Amino acid sequence: MFREKGVTDAFIRVSGATRVGVKLVDGAAQETTDINLPGLSATPETLAELHATLSDLSARSDAVVLAGSLPPGVPADYYATLTAGLRAAGVFVALDTSGAALNAALAAPVLPDLIKPNIHELEGALGRRLNGDTEVLQAARDLIARGAQIVAVSQGERGALIVTATGAVFARPPRVQVLSTVGAGDAMVAGLVSAHLDALSLEDAARRATSFSAGSITRLGPHLPDPAALAALAAQVEVTPA
(Lines give C-alpha, C1' and ligand atoms only; values in the text may rest on other atoms or scores of the structure.)
Protein backbone atom coordinates (compact mmCIF):
# COMPACT_ATOMS: atom_id res chain seq x y z
CA MET A 1 0.00 0.00 0.00
CA PHE A 2 2.85 2.38 0.78
CA ARG A 3 4.39 1.68 -2.65
CA GLU A 4 1.05 2.29 -4.34
CA LYS A 5 0.67 5.63 -2.56
CA GLY A 6 4.28 6.72 -3.03
CA VAL A 7 5.02 6.69 0.71
CA THR A 8 8.56 5.90 1.86
CA ASP A 9 8.71 3.21 4.57
CA ALA A 10 11.02 4.52 7.30
CA PHE A 11 9.57 2.51 10.18
CA ILE A 12 11.77 1.42 13.07
CA ARG A 13 11.11 -2.29 13.43
CA VAL A 14 11.12 -3.94 16.87
CA SER A 15 10.52 -7.45 18.19
CA GLY A 16 7.04 -8.64 19.06
CA ALA A 17 3.53 -8.58 17.67
CA THR A 18 2.21 -5.48 15.91
CA ARG A 19 -0.33 -3.48 17.89
CA VAL A 20 -3.92 -4.43 17.08
CA GLY A 21 -6.77 -1.96 16.73
CA VAL A 22 -10.25 -3.43 16.21
CA LYS A 23 -12.94 -1.29 14.60
CA LEU A 24 -16.58 -2.34 14.88
CA VAL A 25 -18.66 -0.55 12.25
CA ASP A 26 -22.46 -0.35 12.58
CA GLY A 27 -23.56 0.71 9.11
CA ALA A 28 -27.21 1.20 10.04
CA ALA A 29 -26.47 3.49 12.99
CA GLN A 30 -23.41 5.00 11.24
CA GLU A 31 -21.36 4.42 14.38
CA THR A 32 -17.85 3.05 14.90
CA THR A 33 -16.52 1.47 18.10
CA ASP A 34 -12.75 1.34 18.64
CA ILE A 35 -11.01 -1.36 20.65
CA ASN A 36 -7.35 -0.32 20.76
CA LEU A 37 -4.92 -2.74 22.40
CA PRO A 38 -1.61 -1.67 23.99
CA GLY A 39 1.36 -1.34 21.70
CA LEU A 40 4.86 -2.76 21.93
CA SER A 41 7.19 -1.55 24.66
CA ALA A 42 9.94 0.78 23.49
CA THR A 43 13.51 0.40 24.73
CA PRO A 44 16.11 3.17 25.07
CA GLU A 45 17.89 1.67 22.05
CA THR A 46 14.71 1.77 19.97
CA LEU A 47 14.07 5.39 20.91
CA ALA A 48 17.65 6.33 20.05
CA GLU A 49 17.23 4.76 16.61
CA LEU A 50 13.91 6.55 16.15
CA HIS A 51 15.44 9.86 17.16
CA ALA A 52 18.29 9.43 14.65
CA THR A 53 15.85 8.59 11.86
CA LEU A 54 13.61 11.52 12.72
CA SER A 55 16.59 13.90 12.79
CA ASP A 56 17.64 12.71 9.34
CA LEU A 57 14.13 12.97 7.88
CA SER A 58 13.36 16.34 9.46
CA ALA A 59 16.52 17.86 7.98
CA ARG A 60 14.97 17.20 4.55
CA SER A 61 11.36 18.03 5.42
CA ASP A 62 9.21 21.13 5.79
CA ALA A 63 6.78 19.59 8.27
CA VAL A 64 6.68 16.76 10.81
CA VAL A 65 3.50 15.23 12.23
CA LEU A 66 3.72 13.70 15.71
CA ALA A 67 0.61 11.56 16.09
CA GLY A 68 -0.91 8.75 18.07
CA SER A 69 -0.64 7.43 21.59
CA LEU A 70 2.75 6.77 23.14
CA PRO A 71 3.61 3.09 23.61
CA PRO A 72 4.74 1.63 26.93
CA GLY A 73 8.29 2.63 27.79
CA VAL A 74 8.04 6.11 26.29
CA PRO A 75 7.87 9.03 28.74
CA ALA A 76 4.79 11.24 28.63
CA ASP A 77 6.86 14.29 27.68
CA TYR A 78 8.45 12.60 24.64
CA TYR A 79 6.40 14.58 22.10
CA ALA A 80 7.13 17.78 24.02
CA THR A 81 10.87 17.06 23.84
CA LEU A 82 10.71 16.27 20.12
CA THR A 83 8.67 19.41 19.47
CA ALA A 84 11.27 21.68 21.08
CA GLY A 85 14.09 20.19 19.01
CA LEU A 86 12.18 20.22 15.73
CA ARG A 87 10.92 23.77 16.10
CA ALA A 88 14.41 24.95 17.01
CA ALA A 89 15.54 23.43 13.69
CA GLY A 90 12.89 25.43 11.86
CA VAL A 91 10.52 22.54 11.11
CA PHE A 92 6.73 23.00 11.21
CA VAL A 93 5.41 20.58 13.87
CA ALA A 94 1.87 19.23 13.98
CA LEU A 95 0.71 17.30 17.06
CA ASP A 96 -2.28 14.98 17.26
CA THR A 97 -2.38 13.00 20.47
CA SER A 98 -4.32 12.80 23.75
CA GLY A 99 -4.03 11.99 27.43
CA ALA A 100 -0.76 12.45 29.27
CA ALA A 101 1.19 13.06 26.04
CA LEU A 102 -1.07 15.98 25.09
CA ASN A 103 -1.06 17.33 28.64
CA ALA A 104 2.75 17.38 28.70
CA ALA A 105 2.98 18.96 25.25
CA LEU A 106 0.58 21.77 26.16
CA ALA A 107 2.38 22.41 29.46
CA ALA A 108 5.79 22.66 27.79
CA PRO A 109 7.54 25.99 27.12
CA VAL A 110 7.56 25.32 23.35
CA LEU A 111 4.24 24.37 21.79
CA PRO A 112 3.73 22.62 18.44
CA ASP A 113 2.86 24.82 15.46
CA LEU A 114 -0.38 22.90 14.88
CA ILE A 115 -2.48 21.35 17.64
CA LYS A 116 -5.63 19.36 16.86
CA PRO A 117 -7.42 18.11 19.96
CA ASN A 118 -11.08 17.26 20.06
CA ILE A 119 -13.15 19.12 22.61
CA HIS A 120 -12.83 16.38 25.25
CA GLU A 121 -9.04 16.08 24.81
CA LEU A 122 -8.66 19.84 25.15
CA GLU A 123 -10.75 19.87 28.33
CA GLY A 124 -8.64 17.05 29.75
CA ALA A 125 -5.38 18.83 28.94
CA LEU A 126 -6.58 22.09 30.47
CA GLY A 127 -8.12 20.37 33.49
CA ARG A 128 -11.46 22.14 33.20
CA ARG A 129 -14.76 22.07 31.37
CA LEU A 130 -15.22 24.37 28.41
CA ASN A 131 -18.82 25.55 28.47
CA GLY A 132 -19.86 26.85 25.09
CA ASP A 133 -18.12 28.12 21.98
CA THR A 134 -16.83 31.28 23.66
CA GLU A 135 -14.78 29.35 26.22
CA VAL A 136 -13.46 26.95 23.57
CA LEU A 137 -12.41 29.91 21.41
CA GLN A 138 -10.65 31.58 24.34
CA ALA A 139 -8.81 28.37 25.21
CA ALA A 140 -7.60 28.08 21.61
CA ARG A 141 -6.51 31.72 21.58
CA ASP A 142 -4.57 31.16 24.80
CA LEU A 143 -2.58 28.42 23.04
CA ILE A 144 -1.96 30.73 20.08
CA ALA A 145 -0.67 33.40 22.48
CA ARG A 146 1.77 30.84 23.89
CA GLY A 147 3.30 30.10 20.49
CA ALA A 148 1.07 27.75 18.49
CA GLN A 149 0.29 28.84 14.93
CA ILE A 150 -2.90 26.85 14.35
CA VAL A 151 -5.30 25.30 16.84
CA ALA A 152 -8.09 23.14 15.44
CA VAL A 153 -10.66 21.88 17.94
CA SER A 154 -12.76 19.16 16.35
CA GLN A 155 -16.31 18.73 17.59
CA GLY A 156 -17.65 15.74 15.68
CA GLU A 157 -20.64 16.35 13.44
CA ARG A 158 -20.67 20.04 14.43
CA GLY A 159 -17.39 20.53 12.62
CA ALA A 160 -14.22 22.20 13.85
CA LEU A 161 -13.12 25.50 15.30
CA ILE A 162 -9.89 26.59 13.61
CA VAL A 163 -7.94 29.46 15.14
CA THR A 164 -4.78 31.34 14.11
CA ALA A 165 -3.19 34.58 15.26
CA THR A 166 -5.09 36.48 12.57
CA GLY A 167 -8.56 34.98 12.82
CA ALA A 168 -10.92 32.19 13.82
CA VAL A 169 -13.51 30.28 11.82
CA PHE A 170 -15.95 27.47 12.38
CA ALA A 171 -16.04 24.90 9.58
CA ARG A 172 -19.14 22.71 9.28
CA PRO A 173 -18.92 19.66 7.02
CA PRO A 174 -21.53 18.65 4.46
CA ARG A 175 -23.72 15.64 5.20
CA VAL A 176 -22.17 12.45 3.84
CA GLN A 177 -22.82 8.73 4.09
CA VAL A 178 -20.63 7.52 6.96
CA LEU A 179 -18.91 4.18 6.47
CA SER A 180 -16.37 4.57 9.28
CA THR A 181 -15.22 7.47 11.45
CA VAL A 182 -11.76 5.92 11.90
CA GLY A 183 -9.12 8.30 10.58
CA ALA A 184 -11.32 11.39 10.34
CA GLY A 185 -9.09 13.35 12.70
CA ASP A 186 -5.94 12.14 10.98
CA ALA A 187 -7.36 13.29 7.64
CA MET A 188 -8.09 16.72 9.10
CA VAL A 189 -4.47 17.01 10.26
CA ALA A 190 -3.31 16.02 6.77
CA GLY A 191 -5.54 18.70 5.27
CA LEU A 192 -4.26 21.38 7.64
CA VAL A 193 -0.61 20.48 7.02
CA SER A 194 -1.22 20.41 3.27
CA ALA A 195 -2.93 23.81 3.48
CA HIS A 196 0.01 25.22 5.46
CA LEU A 197 2.52 23.98 2.89
CA ASP A 198 0.41 25.53 0.12
CA ALA A 199 0.08 28.81 2.10
CA LEU A 200 -3.72 28.79 1.88
CA SER A 201 -5.87 31.38 3.64
CA LEU A 202 -7.56 30.41 6.89
CA GLU A 203 -10.91 29.96 5.15
CA ASP A 204 -9.46 27.80 2.36
CA ALA A 205 -7.44 25.79 4.88
CA ALA A 206 -10.64 25.12 6.83
CA ARG A 207 -12.39 23.96 3.66
CA ARG A 208 -9.55 21.65 2.67
CA ALA A 209 -9.12 20.12 6.12
CA THR A 210 -12.86 19.59 6.54
CA SER A 211 -13.21 18.08 3.08
CA PHE A 212 -10.37 15.64 3.85
CA SER A 213 -12.09 14.65 7.09
CA ALA A 214 -15.54 14.33 5.50
CA GLY A 215 -14.12 12.39 2.58
CA SER A 216 -12.29 9.92 4.80
CA ILE A 217 -15.44 8.83 6.64
CA THR A 218 -17.12 7.86 3.36
CA ARG A 219 -14.56 5.07 2.92
CA LEU A 220 -13.21 2.12 4.86
CA GLY A 221 -9.47 2.16 5.39
CA PRO A 222 -6.84 4.87 4.93
CA HIS A 223 -8.05 6.30 1.65
CA LEU A 224 -9.27 9.72 0.53
CA PRO A 225 -11.60 10.34 -2.41
CA ASP A 226 -10.02 11.60 -5.64
CA PRO A 227 -9.15 15.31 -5.97
CA ALA A 228 -12.33 16.15 -7.87
CA ALA A 229 -14.52 14.62 -5.17
CA LEU A 230 -12.54 16.43 -2.45
CA ALA A 231 -12.96 19.73 -4.29
CA ALA A 232 -16.71 19.13 -4.49
CA LEU A 233 -16.83 18.44 -0.74
CA ALA A 234 -14.74 21.54 0.01
CA ALA A 235 -17.21 23.69 -1.92
CA GLN A 236 -19.99 22.43 0.39
CA VAL A 237 -18.14 23.18 3.65
CA GLU A 238 -19.79 26.03 5.55
CA VAL A 239 -17.14 28.40 6.92
CA THR A 240 -18.24 31.19 9.24
CA PRO A 241 -16.34 33.63 11.49
CA ALA A 242 -16.03 32.37 15.06
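Being a predicted model, the structure only gives us computed values, none of them experimental.
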- [ ] Run the numbers on Thr83 and Thr81 for side-chain contact (heavy atoms from CB on, under 4.5 Å), then give the verdict.
- [x] CA-CA 5 Å; Thr83 294; Thr81 301; over 6 Å; no
Task: Worked check of side-chain contact (heavy atoms from CB on, under 4.5 Å) between Val136 and Ile119 - done: CA-CA 8 Å; Val136 176; Ile119 183 67; 3.4 Å; yes
Open item on the list: Side chains of Thr46 and Thr43: any donor to acceptor distance under 3.5 Å?
Closed with: yes
- [ ] Establish, from distance only, whether the side-chain atoms of Arg172 and Thr210 form a donor-acceptor pair under 3.5 Å.
- [x] no
Residue [X] excluded, over 12 heavy atoms near [atom1] under 6.0 Å:
{"X": "Asp62", "atom1": "CG", "result": "no"}
{"X": "His196", "atom1": "NE2", "result": "yes"}
{"X": "His120", "atom1": "NE2", "result": "no"}

TODO: Just do the salt bridge (Lys or Arg N to Asp or Glu O under 4.0 Å) check on Asp56 and Arg60 with the steps written out, would you?
DONE: CA-CA 7 Å; Asp56 177 60; Arg60 299 179 277 114; 2.8 Å; yes
Open item on the list: Between the side chains of Asp133 and Arg158, is the shortest nitrogen-to-carboxylate-oxygen separation below 4.0 Å, so that they form an ion pair?
Closed with: yes
Open item on the list: What I want to find out is whether Asp204 reaches Arg208 closely enough, with some N-O distance under 4.0 Å, to be called a salt bridge.
Closed with: no
Open item on the list: Could you check whether any side-chain heavy atom of Leu106 comes within less than 4.5 Å of a side-chain heavy atom of Ile115, counting everything from C-beta outward?
Closed with: yes
- [ ] Could you pull out the closest heavy-atom pair between Ser69 and Arg19, with the gap in Å?
- [x] OG-NH1, 3.5 Å
TODO: Over all heavy atoms of both residues, which pair between Arg87 and Gly147 is shortest? Give the atoms and the distance, please.
DONE: NH1-O, 3.1 Å
Open item on the list: Between Tyr79 and Asp96, is the side-chain contact (heavy atoms from CB on, under 4.5 Å) condition met? List the steps.
Closed with: CA-CA 10 Å; Tyr79 280 152; Asp96 184 16; over 6 Å; no
